[in-house]
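Please read the structure below before turning to the comments.
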Amino acid sequence: MDDHTAEYWARQLRIGAAIAAVVTAIGGVRIAIGWEGAQRWWLLPVMLAVVSQVAIFPLPWARLVRSERTRRWLAGWWLAEMPVMLLFGWVDPDGWMLYVPAVVLLLITAAALWSPRFVIALGVMSIGGYALLLPARAGATLGTTLVLLAMMGCIVGLTALYAKSRRSLDSRRHTAEQRAETLLAASADAVIAIGADGLVVYATESITQMLGLPRQALVGRRLSSLLPEGRAERARDFFNSLIALPLGQSLRAESQLRGADGEWVYVDVLATNWIDDPDIAAAVVSLRDIGARRELEEKLHLQAFTDSLTGMPNRALFRQRLAEAVAAADDLHPVTVLLLDLDDFKLVNDNLGHSAGDELLTTIAGRLRRHVRPADVLARLGGDEFAILMRDLEPGDAAALAERLVRTIREPIRLGSRDIACSLSIGIATSAAGESQGDHLLGNADLAMYAAKRAGRNGYAIFDPTMTMSVLEEAQLRVDLEQALEHDEFAVLYQPVVDMQTQSVSSVEALVRWNHPRDGLLSPYHFIAAAEANGLIVPLGRWVLREACAQLARWRAESPAAAGLKVNVNLSARQFQYAGLVDDVAGALRDAGLDAASLTLEITESMLMEDIETAKRTLHSLRALGVRLAIDDFGTGYSSLSYLKQLPVDVIKIDKTFVDDVDTDADDVALVDAVAGLGQALKMQTVAEGIETDAQWATLRRLGIDHGQGYLFGRPADPEQIRALLDGVSTVSA
């Protein structure tokens, strides 16, 4: 018997006891008034019966009725009432009149608890007694007796129907409750109900799977008993804030709960206030285990702020620490930045390979660590560029440190069978009074570092305002870029994106190049940053977008093999923030005569997280056009999974840094596997970038990556080369 049924029985039994006590007391009044003096001794047992019936009223019936033996005794109580009423009706001169209402009350109370069969049995007994009383005590004729018995039969039938209806409703309620319990038990989320006193009054079976605790062990306890030390006060504040909300309103939080094994389980808490609802009278709390999600977020967070090669802080963390230091600096506590760049590191990669280059960077990072204080921040900003953030340096100490670093790096480094001699160019900048931006200080160090390179490298330079001559060079670059746009000096190459299982080309990524009249074909490395800084990236990006769409239309018109081909176009940060982006995309598709699904726009994580709300609006506007959306270089930034679920993204592109060692590094395998699982969970396709070896391809294919891109499948090529590739390889839809 469940709690609801037990409470119902307890309530009906108390009602029945009260009715029985009242009816018995009425019988006592009748004895006192209408019986002869010699028979009034019956008042004593009648009053004892009244007292007994009142005494059983406060018994814990909700617990007692759960026993089958108790319910059998109660059935006997109902049956025993019938001969007592018949005896009273026989002995009392007018008892046959009192018999009918007493029997009806007995039948009604029985119908509220017992089965129709039991009610009919009581009814038959009551009709039999009435049939005996009518002619013998009331002097009724045969016709009158039959009519009254028929009416009594109708009453019995009605009460039996009532009992049947109640049983049917109870059965339907129980089925509905069982269905709800089954659904809750099958859910991975655990649901608990907390009363106004803060005690758990209900818990689903899922709590056992989550915490290893039997749900009954949790009922009657405070949930705060499972929280870490020091969080009880916060839990009380959360609960008080919840019950202060309007009915049906919710609060959300994340917390930890201690499992039966003593381990902590991270949970997402969604609590809804139903305290004032009479049917619930509790706060309903849904708990979801987010341990796997937090583990992935921590890995992504670590990747976002840690350089995977050296284990140092990366650019993002360095800029954060720099901003904090500059904000707290003053004349007495200046901030100094040393920007370090290896001279001619590219030659090492070109001559000895990237593995040797990585080994060289790791060795240099170890040497640099020996020369910085524990409180200093040593970071790898990317490639062969390092930075040191220092506070409270005495004048001249930064120059002395730079000299030591230059000497240290000049010491030969053994790579394989060769000794390599490296040199450093170091730029030094110290915050001035009123300095408010860390990026400005880093920019000054950058100017000083380039001054050291122009001075012959293998040395250092301290920032001087006269170094702003580089600004003039940037202005010249802007003029060159404007002329390049005007004279059509840019070109678009296309790199194939293939299906990982079949290697068939599914799409191509558009990559811009600059046919410089003096320096030849330049990669984006030479001009994109400048175009982004001076705003020319918007017209350049618009041109690339229109050219890529037009080229796809030409391929489709020229070759049947291009019918299912799609094109991917990268959006720069400033282009993504441009108010006319959606109109540009719509115009490019319309002029090329392409359906929107043929175009995929790629956005980096860092672009999304700069202003997530604006990014969401822009992405939804682009999605409304029908274009596909991809997150490029996934894992190098830091995007919360809760945001990722809200974004209308179709594709996750895994950055090359995770692919380089995916066939040898277990950590990279685990992370790529997690991203593949994330893509499947969020119904997003996954693309691995920078695939260069068969081993990388085989590993990524085994991990379930959908598509791949890299030199193994094809380098960036001009449109004619791509068309030749398409004519030789049938395409599939991405």
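Excluded from the calculations below are hydrogen atoms, water molecules and symmetry mates; all remaining heavy atoms, backbone and side chain alike, are included.
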| Atom of Met684, atom of Asp706 and distance for their closest heavy-atom approach | O-OD2, 4.2 Å
| Do Gln680 and Lys683 come close enough that some side-chain heavy atom pair is under 4.5 Å? | no
| said: With rounding to the nearest 0.5 angstrom, report the CZ to CD distance, Arg288 to Glu254. | reply: 12.0 Å
| said: Is there a side-chain contact between Ile705 and Ile654 in this structure, where contact means two heavy atoms from C-beta onward sitting under 4.5 Å apart? | reply: yes
| Should Leu700 and Met500 count as side-chain neighbours, where that means a heavy-atom distance under 4.5 Å? | yes
| field | Stepwise side chain to side chain contact (heavy atoms under 4.5 Å, CB included) check, Arg252 with Val269 | value | CA-CA 6 Å; Arg252 195 168 210 129; Val269 181; over 6 Å; no
| query | Is any side-chain heavy atom of Asp268 closer than 4.5 Å to a side-chain heavy atom of Leu287? | reply | no
| query | side chain to side chain contact (heavy atoms under 4.5 Å, CB included) between Val285 and Val191: does it pass, once the steps are laid out? | reply | CA-CA 6 Å; Val285 181; Val191 178; over 6 Å; no
| query | How far does CG of Asp237 sit from CZ of Arg231, to the nearest 0.5 angstrom? | reply | 13.5 Å
| Are side-chain heavy atoms of Gln685 and Ile652 found at a separation under 4.5 Å? | no
| query | Does any non-hydrogen side-chain atom of Val119 lie less than 4.5 Å from one of Tyr162? | reply | no
| What's the shortest heavy-atom distance between Val200 and Leu223, and which atoms? | CG2-N, 4.2 Å
| note | Rounded to the nearest 0.5 angstrom, the CD1-CG distance for Ile603 and Leu647 is 9.5 Å
| said: Are Trp114 and Trp77, when compared by the centres of their aromatic rings, separated by less than 6.0 Å? | reply: no
| query | For Thr141, does its backbone N or O pair with a side-chain atom of Thr145 as donor and acceptor, under 3.5 Å? | reply | yes
| query | Would you say Tyr202 and Val219 make side-chain contact, with heavy atoms under 4.5 Å? | reply | no
| Would Thr600 and Leu629 satisfy side chain to side chain contact (heavy atoms under 4.5 Å, CB included), going step by step from the backbone distance to the final call? | CA-CA 5 Å; Thr600 300; Leu629 300 169; over 6 Å; no
| task | Using a cut-off of 6.0 Å, state whether more than 12 heavy atoms not belonging to Arg234 lie near its atom CZ. | result | no
| task | Identify the two heavy atoms, one from Val50 and one from Ala21, that lie closest to each other, and give their separation to 0.1 Å. | result | CG2-O, 3.9 Å
| task | Determine yes or no for a side-chain-to-main-chain donor-acceptor pair under 3.5 angstrom, with Asp673 supplying the side chain and Val669 the backbone. | result | no
| message | To the nearest 0.5 Å, what is the distance between OG1 on Thr502 and CZ on Arg701? | response | 10.0 Å
| note | d(Leu106 CG, Met125 CE) to nearest 0.5 Å is 9.0 Å
| task | Look at Asp650 together with Arg623 and state whether they make a salt bridge at an N to O cut-off of under 4.0 Å. | result | yes
| Ignoring hydrogens and geometry, is there a side-chain-to-backbone donor-acceptor pair from Arg166 to Leu113 under 3.5 Å? | yes
| Is Thr159 reaching over with its side chain to a backbone N or O of Ile155, donor-acceptor style, under 3.5 angstrom? | yes
| request: State, yes or no, whether a side-chain contact exists between Leu199 and Ile194 at a heavy-atom distance under 4.5 Å. | output: no
| Derivation of the side chain to side chain contact (heavy atoms under 4.5 Å, CB included) call for Val651 and Thr686 | CA-CA 6 Å; Val651 180; Thr686 49; over 6 Å; no
| query | Is the backbone of Leu213 close enough, under 3.5 Å, to the side chain of Thr208 for a donor and an acceptor to pair up by distance? | reply | yes
| query | For the residue pair Ala260 and Gly212, what are the closest heavy atoms and their distance? | reply | CB-O, 3.4 Å
| query | Are Thr618 and Ser621 close enough that a side-chain donor and a side-chain acceptor fall under 3.5 Å? | reply | no
| field | Side-chain donor-acceptor contact under 3.5 Å, Thr70 with Trp61 | value | no
| Straight-line distance of Ser126 OG to Leu149 CG, nearest 0.5 Å | 9.5 Å
| Looking only at atom types and distance, does a side-chain atom of Asp289 sit under 3.5 Å from a main-chain N or O of Val267, one as donor and one as acceptor? | no
| query | Quick one: do the Thr24 and Gln53 side chains pair a donor with an acceptor below 3.5 Å? | reply | yes
| Would the number of heavy atoms belonging to other residues, nucleotides or ligands and lying under 6.0 Å from CE of Met151 be above 12? | no
| query | What heavy-atom pair brings Phe238 and Ala253 nearest, and what distance separates the two atoms? | reply | CE1-CB, 3.8 Å
| field | Over all atoms of both residues, closest heavy-atom pair of Val201 and Gly195 | value | CG1-N, 4.1 Å
